[in-house]
Amino acid sequence: MSDEPRKGGYIPQAWLVILLALFYGAALAGTQTALGPRIEENKKNETYAVIPQLVEGASQEQTKAVVVTGQNGNEQPVYQARAADGTLQGWVLPAQGQGFADRIDLLIGVTPDVSTIVGLYVLDQKETPGLGALITGTKFQNQFRGISTDQPVVVVTSEPQAGQIRALTGATISSDSVADIVNQTIANLKEPIRKLER
Amino acid sequence: MSASEPTALERFLNGILPENPIYRQLLGMCPTLAVTGAMKPAMTMVAATAFVLIAANVIISLIRGLLKPHLRILVFTLTIATFVTIADRFLAAYVYEMSKQLGSYIPLIIVNCIIISRCEICASKQSVGVALADAVGMSLGFGLALGSIATVREILGAGQWFGVTVLPPDVWPSWGIMALPPGAFLTLGLLLALVNWIGQRRAESLALREKQSKG
């Protein structure tokens, strides 16, 4: 690029790019409007399908979504996981947050009194294949089982103690992101859920 | 454009074998190695890439007279990224399982060199018809390459093809390594050698025949 401004200023140079950006933006907005509900529906179906894995003894048919107002003031759905006879087995909390590459969508299973994590599942992620993407593996997810919610989950790169999980790799962005999302969600929803009617 | 540019038919045929994006140009190695463990993900990748390649080639060709040389790569990338996002949303809506399995490899089509190279070499210089033929030819070439690698890997690695058992477990002790990353490199290397060997033999026999017909 030369130091002098190009002839005619920016608009004659860039009008095509600006126009295309507007046009493509509209096309993407249209796509999202048309397909968004269907994608959400797919995610919801998947959520219902994995709830029995997250909360032991839960029945897919007895599970229902209830709206809870978090401590940050926002309403959000959580799932009541009930056994076939209707007894409450636990809760499944949908959660999301920023990962290394894109948003990470999680499901967190907790006991009825929200004192212990019983399961974790990654609904959606776009982390680095072979490294961060291993957060979808059961080996990583199973580490969250049995961790108490009294203290935030801590990510370590050495042998984990109680309440800690071992990061997937030495570079811990994806592992940290998952732990942060879990901690924030539990901090936000623990008390409101305890106050909900059983 | 100048008379020396290839015609639509030449562009179409070139894409399939003579200028095959994988076996001849060695472009787009990331999806070639990453999603060829089985036919289903490989063919989903081919379909998504073909959609983006065709759409990008046609649009770039339509606006080729308006492109400013120093802003052309920006326009290419913008166009490709838009269609990749559309393809990604479409897969998530209609083939959710496959979209989850392919994960970030679908957004990574944005950086697939096959597409930007076709925009630069063909679409930004030639008419819509030629650009379309070029994109279809290249897509077929890409499909042929990914299909051949995935066929070898899925059959040897899992005894299946498109998820259907072709080599029962009691006949074939599935080579697990073929489904894993080393299998991708081994298969690509061997098929690359095979395609080049065949190409060389054909060139030699052609040269020989020409010599004889002259003599």
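Reminder, nothing fancy here: chain letters follow the sequence lines and each chain counts from 1.
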S.K.: Is a donor on one side and an acceptor on the other found under 3.5 Å between the side chain of A:T116 and the backbone of A:G146?
M.R.: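 Checked: no pair found.
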S.K.: If we count only N and O atoms by modelled type, under 3.5 Å, do the side chains of B:Q126 and B:R11 hold a donor and an acceptor together?
M.R.: yes
S.K.: Could you look at B:L108 and say if it's the side chain, the backbone, both or neither that has a heavy atom under 4.5 Å from chain A?
M.R.: neither
S.K.: Where on B:P181 is there a heavy atom nearer than 4.5 Å to chain A: the side chain, the backbone, both, or neither?
M.R.: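 For B:P181, no heavy atom lies under 4.5 Å from chain A.
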S.K.: Find the one option among B:L78, B:V75, B:L71 whose heavy-atom pairs under 4.5 Å with chain A are most numerous.
M.R.: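 The option with the most such pairs is B:L78.
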S.K.: Taking side-chain contact (heavy atoms from CB on, under 4.5 Å) as the definition, give me every residue that meets it alongside A:Q161, ordered by chain and number, with sequence neighbours left out.
M.R.: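 Once residues adjacent in sequence are excluded, the partners of A:Q161 under the side-chain contact (heavy atoms from CB on, under 4.5 Å) criterion are A:Q164.
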S.K.: Please look at A:Q32 and chain B and tell me whether the side chain, the backbone, both or neither of the residue comes under 4.5 angstrom of a heavy atom of that chain.
M.R.: side chain
S.K.: Closer than 3.5 angstrom, by distance alone: can the side chain of A:D124 be matched with the main-chain N or O of A:D105 as a donor-acceptor pair?
M.R.: no
S.K.: Is it the backbone or the side chain of B:L74 that comes under 4.5 Å from a heavy atom of chain A, or both, or neither?
M.R.: side chain
S.K.: Would you mind checking which part of B:S99 comes under 4.5 Å of any heavy atom in chain A, side chain (CB onward), backbone (N, CA, C, O), both or neither?
M.R.: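 Answer is neither: B:S99 stays 4.5 Å or more from chain A.
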S.K.: Scan side-chain atoms only and decide if A:D176 and A:T172 contain a donor-acceptor pair under the 3.5 Å cut-off.
M.R.: yes
S.K.: Got a sec: does the CH2 of B:W175 have more than 12 other heavy atoms crowding it under 6.0 Å?
M.R.: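 Result for CH2/B:W175: open.
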S.K.: Using a 4.5 angstrom heavy-atom cutoff, name the option from A:T128, A:L123, A:N45 with the most pairs to chain B.
M.R.: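 Going by pairs under 4.5 Å, I would pick A:L123.
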S.K.: For A:A21, is it the side chain, the backbone, both or neither that has a heavy atom under 4.5 Å from a heavy atom of chain B?
M.R.: both
S.K.: Heavy-atom distance under 4.5 Å to chain A: side chain of B:F90, backbone, both or neither?
M.R.: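 B:F90 touches chain A through backbone and side-chain heavy atoms alike.
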S.K.: Taking B:I59, B:I63, B:T79, B:L67 one by one, which has the highest count of heavy-atom pairs under 4.5 Å against chain A?
M.R.: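 The candidate making the most pairs under 4.5 Å is B:T79.
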S.K.: For A:E46, which atoms come within 4.5 Å of any heavy atom of chain B: side chain, backbone, both, or neither?
M.R.: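 Looking at A:E46, just its side chain touches chain B.
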S.K.: Would you tell me whether A:Y79 and A:T47 have side-chain atoms, one donor and one acceptor, within less than 3.5 Å of each other?
M.R.: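 No, A:T47 and A:Y79 have no side-chain donor paired with an acceptor closer than 3.5 Å.
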S.K.: In terms of heavy-atom contacts, does NZ of B:K68 have more than 12 from other residues, nucleotides or ligands at under 6.0 Å?
M.R.: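 For B:K68, atom NZ is crowded (more than 12 foreign heavy atoms under 6.0 Å).
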